[in-house]
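Please read the structure below before turning to the comments.
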Amino acid sequence: MAYEPDQIEGRWQRYWAEHQTFRAVRRPGHPKLYVLDMFPYPSGSGLHVGHPEGYTATDIVARHARMRGVDVLHPMGWDAFGLPAEQHAIQTGEHPRLNTAANIATFRRQLQSLGFAYDWSREVDTTDPGYVRWTQWIFLQLFRRGLAFQAEIPVNWCPELGTVLANEEVIDGRSERGGFPVVRRPLRQWQLRITAYADRLAEELEGLDWPETKAKQRDWIGRSEGAEVDFRIAGRDERLTVYTTRPDTLYGATYVVIAPDHPLTLLIASDEARDRVRAYADAAARKSDLERTALSKEKTGVATGASALHPLTGRPIPIFTADYVLGAYGTGAIMAVPAHDERDFEFAKAFSLPIVEVVCPAGRAPLADPAEAAGWDAAFTEDGVAVGSPVIDGLPTAQAKARMIDHLEREGFGRRKVQYKLRDWVFSRQRYWGEPIPIYFPVETAGDPRRGDPCTIDWSRPIAVDDGELPLLLPALEDYRPGDPEGPLVRALEWRFFQRDGQWFARETNTMPQWAGSCWYYLRFLDPRNDERIFSEQAYADWMPVDLYVGGSEHAVLHLLYARFWHKVLFDAGIVQHPEPFQKLVHQGMILGEAQVIGYRGPRGWVSLERTAEGPDEGRVDAETREPLEEVKLTEADVSRRAGLATLVADPSVRVQSVAFKMSKSRGNVVNPDHVVREFGADSLRVYEMFMGPLEQVKPWQASGIQGVRRFLDRLHRTITERVGDAPSDADTERLVDRTVKKVGEDIEHLRFNTAVSAMMILVNHLAGLEVVPRAAAEKLVLCLAPFAPHLAEELWAHLGHPPTIADVPWPSFDPALCVDDVVELPVQVNGKVRGRVTLAVDATEAAALEAALAEEAVRRALGAAAPRKVVYRAGRILNLIV
RNA sequence: GCCGAAGUGGCGGAACGGCAGACGCGGCGGAUUCAAAAUCCGCUGUCCGCAAGGACGUGUGGGUUCGAGUCCCACCUUCGGUACCA
């Protein structure tokens with residue numbers, strides 16, 4: 001009887017579905033485990049082999065926990081709003097709901113074909129009205145707490161495309177697609193006040209079992225402590241407020257810089273300077289962030305002609321505008337201290353501005369003339385001792401900062417200030433396929449705006465839709481194309497305008513971003529069919545918090561930060577009971593395409609790898625001539641590998657590159673899970689993805705690797721279907737079986753699936769060598785296999801005479817006594833080099849070990865005539881003789 | 001530049017401070033076969049050696065230790081994130 005996955009996998013999938021084997025049920029007295037996957041966006045291209053990696057890992061954890069008597073919640077759903085479906089609708093005129101439903105059906109079929117133990121009765125879809133209702137309800141919680149507000153924010157508006165573009169979609173001031181001009185224009189947007197939670201979002205990471213993601217989030221939030229300082233402007237009433245983290249260097253400020261887009265920039269510019277300032281500001285506005293930074297290392301700027309009065313000395317210092325100061329951070333203006341800030345230093349050098357030392361490194365005398373700092377090569381940005389600063393002279397930096405702030409506050413020139421890099425979250429999208437924002441506004445009109453009569457909308461008076469009217473659903477459109485900065489929904493006049501008590505109102509036509517639905521889906525899984533409440537208190541108490549959350553590190557910042565923000569708002573509203581939703585977080589590593597061997601060829605033939613360099617775009621160039629090189633895909637037969645170098649067989653002086661690239665359609669290296677399942681079976685795919693290497697690591701796909709895993713499952717199947725008998729286990733077999741059980745269990749708990757698989761391979765290799773495989777050994781092996789290869793495990797469990805389902809059978813036990821050695825091969829070292837081995841009891845005395853070692857010929861030879869000067873003995877581990 | 005992770009055979013990778021290279025792939029040899037596939041058995045880090053055996057070996061250089069892939073310092077490379085955040 002051969003192992004034929006296509007014969008058995010569908011059958012067991014149907015069995016699990018019919019018997020609702022994996023319905024999440026909470027039983028009193030049992031521990032619980034909430035194991036969550038990041039749910040996918042159901043794209044039109046179907047499942048990718050990257051998806052099953054994390055999903056298999058959580059599935060193993062869930063199935064293993066279940067076998068250990070734990071109540072498990074392991075749900076799956078769809079993050080189904082999004083641009084591709086809308087794009088499809090624009091092209092075909094078909095409602096995006098249809099395309100979305102078709103894609104979901106494909107994803108569901110593909111996931112079910114992999115045998116994941118999801119509770120499918122809890123499936124959620126973020127586009128479902130029953131889900132949208134609660135997304136909107138949460139938005140209104142934010143709105144009522146003052147955390148959702150409107151503001152005019154500059155966006156990238158492309159008039160030709162009639163749409164707003166993301167920064168990445170704008171290149172050289174033109175749209176990436178089509179190359180149409182893009183203008184920055186202010187647009188009314190909804191924002192969420194995530195900055196109000198910045199401190200808590202940073203601090204409450206502390207107790208979480210998360211990887212380096214915590215640091216990324218802290219960096220993203222970017223808290224800094226400093227001061228705002230007010231500068232009077234010579235001859236004007238306005239003041240210019242700057243933000244600094246180094247108030248101790250205030251006496252070293254020799255000029256002030258205001259961002260080109262600061263509201264005061266044009267206003268304060270002198271008449272002579274105004275044209276130049278305007279030209280500079282206009283040019284800066286057209287530059288993308290990328291151009292401003294990556295391309296131009298040189299500092300640029302222009303003098304505004306205005307002067308600021310130094311708050312402490314009263315002396316006038318020039319005000320420049322320069323794009324190295326960002327309008328959006330801090331106050332949009334800085335005091336420039338070139339002696340102690342790199343950027344200010346570069347700018348001062350370029351514009352020949354004075355550089356004055358006010359912080360002296362500990363252990364060096366202050367400059368005789370502070371202005372000699374102009375001769376430095378670089379700014380001194382570290383801590384030191386304040387000099388030339390009457391209020392704080394002689395104080396070390398930390399104290400100097402505090403004393404200066406006190407002084408500024410007392411004199412009324414400034415104040416202590418905590419600043420964040422984190423910005424408020426722009427929550428509007430001028431799109432169709434998203435949750436409508438459940439807000440409307442009063443309208444002034446003489447006619448009927450639904451017939452297109454002119455009207456004025458009062459944006460300053462947003463009104464929340466009543467909870468009872470939720471969900472506010474999307475209207476059908478005939479045409480999903482963009483065109484209006486307020487979004488395509490403006491064309492749905494019947495939907496947009498309504499009359500109540502004689503007063504006309506207009507609905508908000510912006511929709512929510514894709515992040516909205518994924519911010520809280522883990523909560524809806526608790527009680528997904530509840531149409532009275534977002535979830536019941538009992539369901540919450542049963543399952544929260546999420547114990548293990550697995551997903552890609554591309555969501556390390558945005559999704560995970562936004563979800564934590566919403567959770568905290570719900571916590572403050574008393575709706576959830578934990579300040580943090582996700583206890584333990586793991587990012588699975590990306591699966592790359594199969595490694596390819598690439599040779600580089602230029603106009604004059606092959607170019608060896610070490611003579612190539614990274615080119616301006618994707619490809620490589622000749623390091624000397626800068627000529628672009630052609631990438632030539634080679635086969636293994638073209639290449640010889642020796643001493644870590646891959647070279648051409650035809651010309652061994654040419655080194656070639658062996659690299660794995662991200663899977664992409666253009667490279668043609670995408671692996672389709674459907675094909676893998678058809679050829680090798682779902683169990684092989686699952687086991688292979690776990691065997692490839694550590695879960696968190698980036699790993700290249702290897703077709704031969706899955707072949708090897710399939711061979712392992714074949715062998716296991718053959719061993720159990722052909723060799724099992726009622727013979728008692730011999731001692732070696734019994735020990736190996738129990739050790740395997742122990743290792744597999746421990747490895748699963750630590751998410752070390754690759755070594756768990758290898759332990760099972762070792763056991764199978766051993767059992768395959770036996771005449772008769774003891775039934776008890778076979779049973780424990782199959783139970784260990786069950787979380788990894790559930791279909792095969794079910795099949796073999798039935799073959800061994802048990803009723804279904806193996807999913808409910810307790811995890812096998814092991815005898816700890818069998819898992820420790822009583823006799824070991826002890827390595828014997830002489831001066832740290834292994835010279836022999838002796839077989840000894842683990843607890844042998846040092847004298848006994850020494851005697852046994854000296855009886856070894858090889859050890860005696862290594863010792864020579866010398867007697868050991870020192871003996872290091874670790875029972876059961878090592879004997880080291882030092883001469 | 002800054003932050004983070006990682007560098008181990010031909011490849012994916014394994015190793016509580018204690019036998020480096022488990023397991024898998026690939027390769028070589030053999031069994032089976034008319035032949036092949038599949039399967040089974042053996043060998044497979046590099047170098048020297050007929051062999052016994054020996055030397056070298058975990059990115060580089062130093063250090064701690066009886067003993068370092070593992071700990072410490074400096075550096076190099078790759079990958080990920082971030083980027084004039086005052």
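A note on names: the letters A, B, ... follow the listed sequences, proteins ahead of strands, and every chain is numbered from 1.
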Strand partner of [N], provided both Watson-Crick or wobble distances fall under 3.5 Å:
| N | value |
| --- | --- |
| B/G53 | B/C48 |
| B/G21 | none |
| B/A31 | B/U39 |
| B/G1 | B/U82 |

Check whether any side-chain nitrogen or oxygen of [X] sits under 4.0 Å from OP1 or OP2 of [N], and answer yes or no.
| X | N | value |
| --- | --- | --- |
| A/N754 | B/G12 | no |
| A/K870 | B/C66 | yes |
| A/K833 | B/G57 | no |
| A/R869 | B/C66 | no |
| A/S224 | B/A86 | yes |
| A/R711 | B/C23 | no |
| A/Q697 | B/G13 | yes |
| A/Y324 | B/A86 | no |
| A/R861 | B/G54 | yes |

No-H, no-angle donor-acceptor pair, A/K299 side chain to B/C84 base, under 3.5 Å: yes
State plainly whether the residues A/D821 and A/R735 are in salt-bridge range, i.e. N to O under 4.0 Å. yes
Expressed in angstrom and rounded to an integer, what is the separation of A/F680 atom CZ from B/A38 atom C1'? 14 Å
Can you check the A/R874 CZ to B/U65 C1' distance for me, whole Å? 11 Å
Quick check for you: among B/C16, B/G24, B/G18, whose closest atom lies nearest to any side-chain atom of A/F691? B/G24
Looking at A/F691 versus A/F753, is the centre-to-centre ring distance below 6.0 Å? no
Parallel, tilted or perpendicular for A/H559 and A/H555, by the 30°/60° rule? perpendicular
I want to check a possible cation-pi pair here: A/R667 against A/F661, using under 6.0 Å from ring centre and within 45° of the ring axis as the test. yes
Assess the side chains of A/S224 and A/Y243: does a donor N or O sit below 3.5 Å from an acceptor N or O? yes
